[in-house]
Amino acid sequence: MSAVEVVLLVAVVLLSAIVVGAVLFGVRVVRRLGATPRPEDPAFIAEKDRQEQSLAALRTAADQANSTIDVAKSAAAAARAEAAAAKAEAKAARAEARRVLDDARAEADTVLERAHKQAELDAEQLRTTARRSGEREVAVLAATTREQAAEVERRAARMDERERMHTEEVERLAERERQLTAASAALAEREGGLVEREAALAAAEEQRRRELERIAGLTADSARAELIEVIETQAKREAALLVRDIESDARNTAEQRARHIVVDAIQRVASEQTAESVVSVLHLPGDEMKGRIIGREGRNIRAFESVTGVNLIIDDTPEAVLLSCFDPVRREVGRLTLEKLVLDGRIHPHRIEEVHELARQEVEELCHRAAEDALVEVGITEIHPELVTLLGRLRYRTSYGQNVLKHLVETAHIAGIMAAELRLDVPIIKRSAFLHDIGKALTHEVEGSHAIIGADLARKYGENEDVVHAIEAHHNEVPPQTIEAVLTQASDACSGGRPGARRESLEAYVKRLERIEEIAAGKLGVEKVFAMQAGREIRVMVKPDDVDDIGAAVLARDVAKQIEEELTYPGQIRVTVVRESRVTEIAR
């Protein structure tokens, strides 16, 4: 029996029970009406009317129940018909599946029989092919044997011919030996004559040398020493000139090459502008939440500050509170703690401790994930786990508004590009640049410069000595001695000094631009001054009648020199002096 039939059966039983109850109630009412002794009583008549109405309502309900029972019976019949149809479809499906299975078996038997026949045909073809191959190989071997016999006969004939030629060669050699013996005797006679002539030439050379020494008043050794001294002096002078030219050329080439490398490295590293802040702001759903955060007599805010170590500032700012702490990691933990408490709604000292522990674990996981992402981006694989933890803490550390972890990634990319251009060890230099600010993770816990702290950490956790030296020397606490240290300094300066990398106050920025324009405008012959490209270029318009071309060059140099002496700025400032001459004629 299906589920639909069970439900319909239950409905039919319930409706039958309702109908039986209504009938019994109607019978009881009719009996009560028949036994009434006072038909003239108004109360009795009203009661009788009410009971008749009830009886009519019961009859109506009974009729509705009967109709509902008929509908239920029709639905049950339909359900039984559907079930019968489903059984018939299932029976037809089983018959179809049995027929398909029989067809598949017959097809398989046919395919197997075809495969046996094909295998027999293939075997017969292989036997025929092997027989033909054997016959061809026998024929080839017979032909090869005949060719080898002919080759043996030809070799024997060549050997006889060679033996005859060898005999003739021996006879010619004997004749030549006799000729060589006679030539040797003649050469011996000529050699004796040459020896006598060499002795005579040596005596004449000695006589000439003595005569020259007598005329010059110098011995041969003295003359040789004087000549060597003159040649040595001339060679030293030429070498000094050559060294000077080479040094000048190398200096010019090195400066151009270094600028090209730095510009190329900065252009290939695309980094975001800084917008970090040392104070965290948490937005609240409403101002009434401030009272719940403070708690009764301030117990919640005191518990929050003692547990998290973060100062919570609640002022008149609508729907917002401030969190202030010198440790950015603790500040982030406090922000997450307060955010979870506001979302949960339950704020009391015990709950604050529980949520703080959860937030601390979440921040540690975020720090570890950020450090791993940075290591993957830079391409460093093997590093001590403690250094990974410290790198993760730099995710919330800023320096002049610049995120330190992003600064490390950017510095590593710049240093790697420079090292690749110079054909140096790229992994070591990228590792040095990436770890150069690792000490900033502990500057608020350990006294000393972050460069020295970072070098001690790297040495403690087994980093290469070149990496350690580059870390401790990147701010000149230790004089740089290696190319890794120099490139680390250069890449650090490029990352920190680029426009937009670090935040400066708007007032200082505006004052610097005003001072730059004042310096240029104070010179003689200056007509207009424009500070362009955020102060990185100065356009000075001069009066062509008061300033000539040489004066324009002197003016540009004086302005640049005064800017260098008076102002502090990142990068460089280009001073461009524009002198425009106009000649006007009127055609009448």
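Because the structure is predicted, anything quoted here is derived from the model rather than measured.
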### Nearest heavy atoms of Ile352 and Ala303, plus distance in Å
CD1-CB, 4.2 Å
### Message
Within the structure provided, determine whether Arg335 and Val310 are in side-chain contact (heavy-atom separation under 4.5 Å).
### Response
no
### Query
Less than 4.5 Å apart, any side-chain heavy atom of Leu323 and any of Thr308?
no
### Query
Which of these passes side-chain contact (heavy atoms from CB on, under 4.5 Å) with Val321: Val342, Leu338, Ile313?
Leu338
### Message
Just so I know, are the side chains of Asp546 and Leu524 near enough to count as touching, which here means a heavy-atom distance under 4.5 Å?
### Response
no
### Query
Taking the side chain as C-beta and beyond, is there a heavy-atom pair between Ile301 and Glu305 under 4.5 Å?
yes
### Query
Parallel, tilted or perpendicular for His450 and His475, by the 30°/60° rule?
perpendicular
### Query
Considering only heavy atoms from C-beta outward, does the side chain of Leu487 approach that of Leu424 to under 4.5 Å?
yes
### Task
Apply side chain to side chain donor-acceptor pair (under 3.5 Å) to Glu372 and list each qualifying residue two or more places apart in sequence or on a separate chain.
His368
### Task
Run the salt-bridge test on Glu463 and Arg431 with the 4.0 Å N-O cut-off and return the result as yes or no.
yes
### Message
Show, in sequence, the C-alpha distance, side-chain angles and deciding distance for Arg292 and Glu288, and conclude whether the salt bridge (charged side-chain N to carboxylate O under 4.0 Å, His left out) test is met.
### Response
CA-CA 7 Å; Arg292 300 179 62 182; Glu288 66 275 2; over 6 Å; no
### Query
With a 4.5 Å heavy-atom cut-off, do Thr389 and Pro385 have their side chains touching?
no
### Message
Does Glu518 have more than 12 heavy atoms from other residues, nucleotides or ligands lying within 6.0 Å of its CD?
### Response
yes
### Message
For a 4.5 angstrom cut-off between non-hydrogen side-chain atoms, does Val409 reach Phe434?
### Response
yes
### Query
Should Val529 and Ile516 count as side-chain neighbours, where that means a heavy-atom distance under 4.5 Å?
no
### Query
Any ion pair linking Arg459 and Asp456 (charged N to carboxylate O, less than 4.0 Å)?
yes
#### Entry: Between Glu484 and Ser432: side-chain donor-acceptor atoms closer than 3.5 Å
no
### Task
Of all the heavy-atom pairs spanning Ile438 and Leu387, show the shortest one and how long it is.
CD1-O, 4.1 Å
### Task
Determine, stepwise, if the pair Cys494 / Met418 fulfils side chain to side chain contact (heavy atoms under 4.5 Å, CB included).
CA-CA 11 Å; Cys494 291; Met418 291 182 179; 4.0 Å; yes
### Task
Quick one: which residue pairs count as a salt bridge (charged side-chain N to carboxylate O under 4.0 Å, His left out) with a foot in residues 347-359, not counting sequence neighbours?
Asp344-Arg351, Arg351-Glu354, Glu357-Arg360
### Summary
Tightest non-hydrogen contact, residues Ala412 and Val378, listed as CB-CG1, 3.8 Å
